[in-house]
2 protein chains.
Amino acid sequence: MATLKDVARLAGVSVKTVSNVVNGYSFVKPDNRRRVEEALEATGYRPNLGARNLRRGRTGFIALVLPELSIPYFAELAGLMIAAAQEHEWNVLIEQTFGTLSGERLALSSLGPHLVDAAVLSPEALQVEDFQLSVPAVVLGEHAVDVPLSRVGIDNVAASTAAVRHLISLGRRRIAAIGAHPQRGTAALRLEGYRAALAEASLPFDSSLVVPALNYHRADGAAAMKSLLDMRNPPDAVFCFNDLLAVGAMRTAAERFVRIPRDLAIVGFDDNDESAYTSPSLTSVAPDKAAIARAAVDLLRQRVDSPDLVPDDVQTPFSLQVRESTVAR
Amino acid sequence: MATLKDVARLAGVSVKTVSNVVNGYSFVKPDNRRRVEEALEATGYRPNLGARNLRRGRTGFIALVLPELSIPYFAELAGLMIAAAQEHEWNVLIEQTFGTLSGERLALSSLGPHLVDAAVLSPEALQVEDFQLSVPAVVLGEHAVDVPLSRVGIDNVAASTAAVRHLISLGRRRIAAIGAHPQRGTAALRLEGYRAALAEASLPFDSSLVVPALNYHRADGAAAMKSLLDMRNPPDAVFCFNDLLAVGAMRTAAERFVRIPRDLAIVGFDDNDESAYTSPSLTSVAPDKAAIARAAVDLLRQRVDSPDLVPDDVQTPFSLQVRESTVAR
DNA sequence: CATCGTTGTTCCAACGATGTAAAGACCGCT
DNA sequence: AGCGGTCTTTACATCGTTGGAACAACGATG
C-alpha cells in the first residue's frame with residue numbers, strides 16, 4: 001500500500017507537498033501539482049484513515065446503537081443512516097443492544113472519542129444515569145427519562161391521534177391498543193395520543209382494551225391479539241404501536257377467521273416495507289425515515305463542530321398510509 | 001480522554017510499562033502492576049484504537065458488502081455477522097451496493113488495508129476482473145464468475161431440489177419458478193436444482209414456467225406472479241428464488257382470489273422472519289444464517305493470520321420449513 | 001567477587017498523516 | 001541593489017501506541 005512518502009519520492013517533492021495536494025491546499029505550483037497528481041495516480045494512493053484521524057483527533061466513525069438489525073424498522077433506518085453519514089464522510093458502526101439494559105450499557109461503554117466521533121442512540125431501557133456520554137449524541141424517538149441530549153423523531157402523540165382518529169372516522173367504537181410498556185417513553189406517548197383521539201370523539205377509555213407488550217416483535221402482537229379476541233366483548237379495531245405487533249395481530253386474526261377490516265380494523269406504526277404486501281395490506285403511520293436519518297446526522301455534525309450547542313429537538317414529518325386493513329379494496 | 005502517558009505519570013512508571021500491563025505482558029512487578037491498574041481505573045483509560053492499529057498495521061474492522069439493509073435476509077445476516085465478528089474483536093463496517101455494478105465497484109474500491117482487515121462480499125453483478133482485492137475476502141453465495149476467493153453458503157442445487165421435490169410430493173405437476181436471472185450465479189444454481197427435481201420425477205421442463213426477475217424485491221414477485229396467472233394454463237405451484245419474491249407472489253394471488261395452497265402452492269427461499277407470519281405462512285428453504293456468519297468470520301480470521309491459505313469452500317446446513325403455503329393447517 | 005541468566009524497566013524509533021514555523025523563491029517597488 | 005511582501009516548499013514535531021534494544025537490578029553460580 002502506497003504512503004505519502006512513496007508518492008513524494010516518485011514525484012520528487014516533499015511529503016508535505018503531496019499532503020497539500022491531497023487536501024486541496026491552494027498554493028501549489030501547477031507544475032508540481034501535475035507531477036504529484038500523476039504520482040498519486042500511478043501509485044493508487046489511498047490515505048491511511050487511521051493515521052489521518054489520529055493526527056486530526058477524529059475517528060471518521062459514528063456509532064448507531066439500536067436494538068436489533070433483524071427488526072425491519074431498524075434495518076431500514078440503518079440503511080438510510082449509512083447513506084446520510086456518507087455525505088459527511090462518516091462511516092457507521094452498528095451496535096446491537098437487543099433492547100436490554102445490560103446490552104445498552106455495554107454498547108455505550110464501548111463508545112468513546114477514540115472509537116467514534118458521535119453516536120445515534122435508540123435506547124429502550126437506559127436510565128438517566130447511563131447517559132454520561134463522552135461524545136455528542138442524538139436520541140431517536142422519545143426517552144422516558146429526561147436527559148440533556150438532542151432528539152430526533154416524529155410527534156408521537158399527534159401521529160397516534162391521527163391513527164386512532166382514522167379508525168374512529170370509519171365508525172369504529174371499541175378500539176384497542178397493543179404495545180403499552182411501563183419503561184418506554186414512546187409507548188407512553190402513543191398511548192397518550194390514543195387517549196386523546198378517544199376523548200376528542202367522546203369515546204370512553206377502557207383500560208381492558210390496552211394490552212401491554214414486553215417486546216415489539218410479531219410474536220408479542222400475536223399473543224396480545226389472542227387475549228383481545230378472548231374477551232367477552234372484543235374490540236372492532238386495534239391500534240398497534242408498531243407494524244410487527246400489527247402483523248402478529250393480523251396473523252392471530254386470520255387463524256381465528258376474524259375478517260379484516262370488516263370485523264376488525266388494524267393500524268400499525270412504522271410503515272415497514274413488508275406492510276404494503278401483507279394480505280390485507282396494513283394501514284400504518286409512516287414516519288419519514290430518510291428525514292430522521294438526515295436530521296440525526298446533521299445534528300451530530302453541528303455538535304461535533306461546536307460542542308457547546310444546546311440540545312435540540314427536531315420533529316420530522318409523518319403521514320398515515322391507509323391500506324386494506326382499515327379500508328377494504 | 002486519558003492516554004497511556006497520563007496513566008504512566010499517575011502510576012509513576014514509564015509509558016511502556018503501562019502498555020505492557022494493558023497488553024498482558026507477564027514480567028511486571030506485582031507492585032507496579034497494582035499501581036498501574038489503579039491508575040488505569042482512576043483515569044478510565046481506553047486505548048486509542050486508531051493509534052494502536054496504526055502501530056500494529058491492522059484496523060480492527062471488517063467490511064460487509066451487501067446490496068441493501070432493507071432486504072430482510074441481509075439485515076438478519078448483518079446482525080449475526082456483527083455478533084460473530086465481535087468474538088474476534090472485529091467491528092463490522094457495512095457498505096450498501098444496491099445490487100448495481102457501479103455500487104459494487106465503488107464499495108470495493110473504498111476497501112483497502114488501511115480501512116479494513118478483511119471483507120465479506122455478497123456480490124450480484126461483479127465481473128471477474130473486479131475481484132482484485134487487497135485484503136482477504138469471502139464471498140457469500142455463489143458467484144457466476146470463477147474467482148480465487150473463499151466461499152461460504154449452502155448447497156443451492158440441493159436446497160432447490162429439496163424445495164421442488166416437496167412440491168412434487170404434494171402432487172403438484174405444473175411447477176413454476178420465479179427469479180431466473182442471467183447474471184446471478186445463485187439464480188442459475190437454483191434453476192438447476194429445480195430442473196433436477198423435475199427430471200427426477202419425470203416431469204417435463206417447460207421454459208414458459210420460468211419467470212425472470214430483475215430484482216428480488218416483493219414488487220418483482222408480484223409482477224412475475226401476474227404474468228403466470230395470466231397464462232392460459234397457469235401453474236399449480238411456484239418455487240420462488242427468495243422469500244420476498246414469494247411474498248409478492250402471494251400478494252398477487254390474494255388479489256386474484258387464488259387460494260393458497262389449494263389452487264397454488266408456494267415455496268420461498270431464505271426463511272425471513274416475516275415468512276412465519278404471513279397468511280398463509282410461507283414454506284421456505286431455511287439456510288442456517290448464524291452458521292454462515294460464523295463460517296465467514298472464521299475463514300477471514302484464518303486468512304488474515306496466514307494470507308497464503310488457498311481459497312476454501314464451506315457448505316453450511318439448510319432445512320426446509322414447511323408451512324401453510326404448501327400444506328394447509 | 002566476577003559472571004551469568006532471568007526479570008523488570010526505560011528509551012527510542014516507528015506507524016502515516018498533518019500543523020507549524022521557518023526558509024526559499026519570486027515579484028515589484030523604491 | 002535593497003527591501004517588503006506574496007507565494008511555495010520543506011523540515012520537524014506531533015497524534016497514541018507498540019516493538020526492540022539497551023540498561024538496570026537481582027539472586028544464583030562457579
Side-chain angles (χ1 to χ4, degrees), chain A residues 1-37 39-40 43-61 89 91 112-117 134-135 304, chain B residues 1-37 39-40 43-61 89 91 110-117 134-135 304:
Chain A
M1 203 66 189
T3 72
L4 278 188
K5 210 155 116 186
D6 302 325
V7 179
R9 193 169 334 131
L10 188 61
V13 297
S14 78
V15 173
K16 190 65 213 294
T17 297
V18 181
S19 169
N20 285 339
V21 171
V22 170
N23 291 292
Y25 182 67
S26 314
F27 302 124
V28 177
K29 265 201 196 142
D31 186 48
N32 276 345
R33 181 181 296 274
R34 192 185 43 73
R35 291 229 308 291
V36 169
E37 274 163 356
L40 285 171
T43 53
Y45 169 80
R46 291 315 199 93
N48 180 319
L49 297 187
R52 168 179 288 177
N53 293 327
L54 170 60
R55 185 61 244 245
R56 288 195 180 159
R58 316 199 311 93
T59 71
F61 291 95
E89 302 194 292
N91 277 111
H114 57 280
L115 187 58
V116 295
D117 297 329
S134 49
V135 294
V304 166
Chain B
M1 201 66 189
T3 71
L4 280 186
K5 209 155 117 186
D6 303 325
V7 180
R9 191 166 339 129
L10 188 62
V13 296
S14 78
V15 172
K16 189 65 210 295
T17 297
V18 181
S19 169
N20 285 339
V21 171
V22 170
N23 292 292
Y25 182 68
S26 316
F27 303 125
V28 178
K29 261 199 200 148
D31 185 48
N32 276 345
R33 180 180 296 276
R34 191 184 45 72
R35 291 228 309 291
V36 169
E37 274 163 357
L40 285 171
T43 53
Y45 170 79
R46 292 314 196 93
N48 180 319
L49 298 187
R52 168 179 288 178
N53 293 327
L54 170 60
R55 183 62 245 241
R56 288 193 178 159
R58 316 197 316 93
T59 71
F61 290 96
E89 301 193 295
N91 277 111
S110 83
L111 264 45
H114 58 279
L115 187 58
V116 295
D117 297 330
S134 49
V135 293
V304 166

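We name chains A, B, ... by the order of the sequence lines, and we start the count at 1 in each one. Heavy-atom basis, side chains included; hydrogens, waters and symmetry copies ignored. Small disclaimer: the values here were computed from a predicted structure and weren't measured.
Heavy atoms only, all atoms of each residue included: Arg35(B) and Ala11(B) are closest at NH2-O, 2.9 Å. Counting all heavy atoms, side chain and backbone alike, Val15(A) lies closest to Lys5(A) at CG2-CA, 4.0 Å.
Between the NE2 atom of His114(A) and the P atom of dT18(D) there is a distance of 12 Å, given to the nearest Å. Spacing between atom CZ of Arg58(B) and atom C1' of dT17(D) amounts to 14 Å, rounded to whole angstrom units. If you take CG of Asp6(A) and P of dG16(C), they are 8 Å apart, rounded to a whole angstrom. For the pair Phe27(B) CZ and dT7(C) P, the computed distance is 5 Å after rounding to whole Å. The OH atom of Tyr25(B) sits 11 Å away from the P atom of dG20(D) (whole-angstrom rounding).
Scored by the side-chain contact (heavy atoms from CB on, under 4.5 Å) test, Leu54(B) finds Asn48(A), Ala51(A), Leu54(A) as partners (sequence neighbours excluded).
In secondary-structure terms, DNA chain D builds stems of at least 3 consecutive Watson-Crick or G-U pairs, each pair having both distances under 3.5 Å, at C:1-30 with D:1-30.
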Classify every nucleotide of nucleotides 17-26 of chain C by which part a protein heavy atom approaches to under 4.0 Å, writing B for the base, S for the sugar-phosphate alone and - for neither, in 5'-to-3' order. BBBB------
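Mapping Thr17(B) and Leu54(B) onto DNA chain C by nearest heavy atom places Thr17(B) at the nucleotide closer to the 5' end.
With contacts defined as side-chain heavy-atom distances shorter than 4.5 Å, the pair Tyr45(B)/Val22(B) qualifies.
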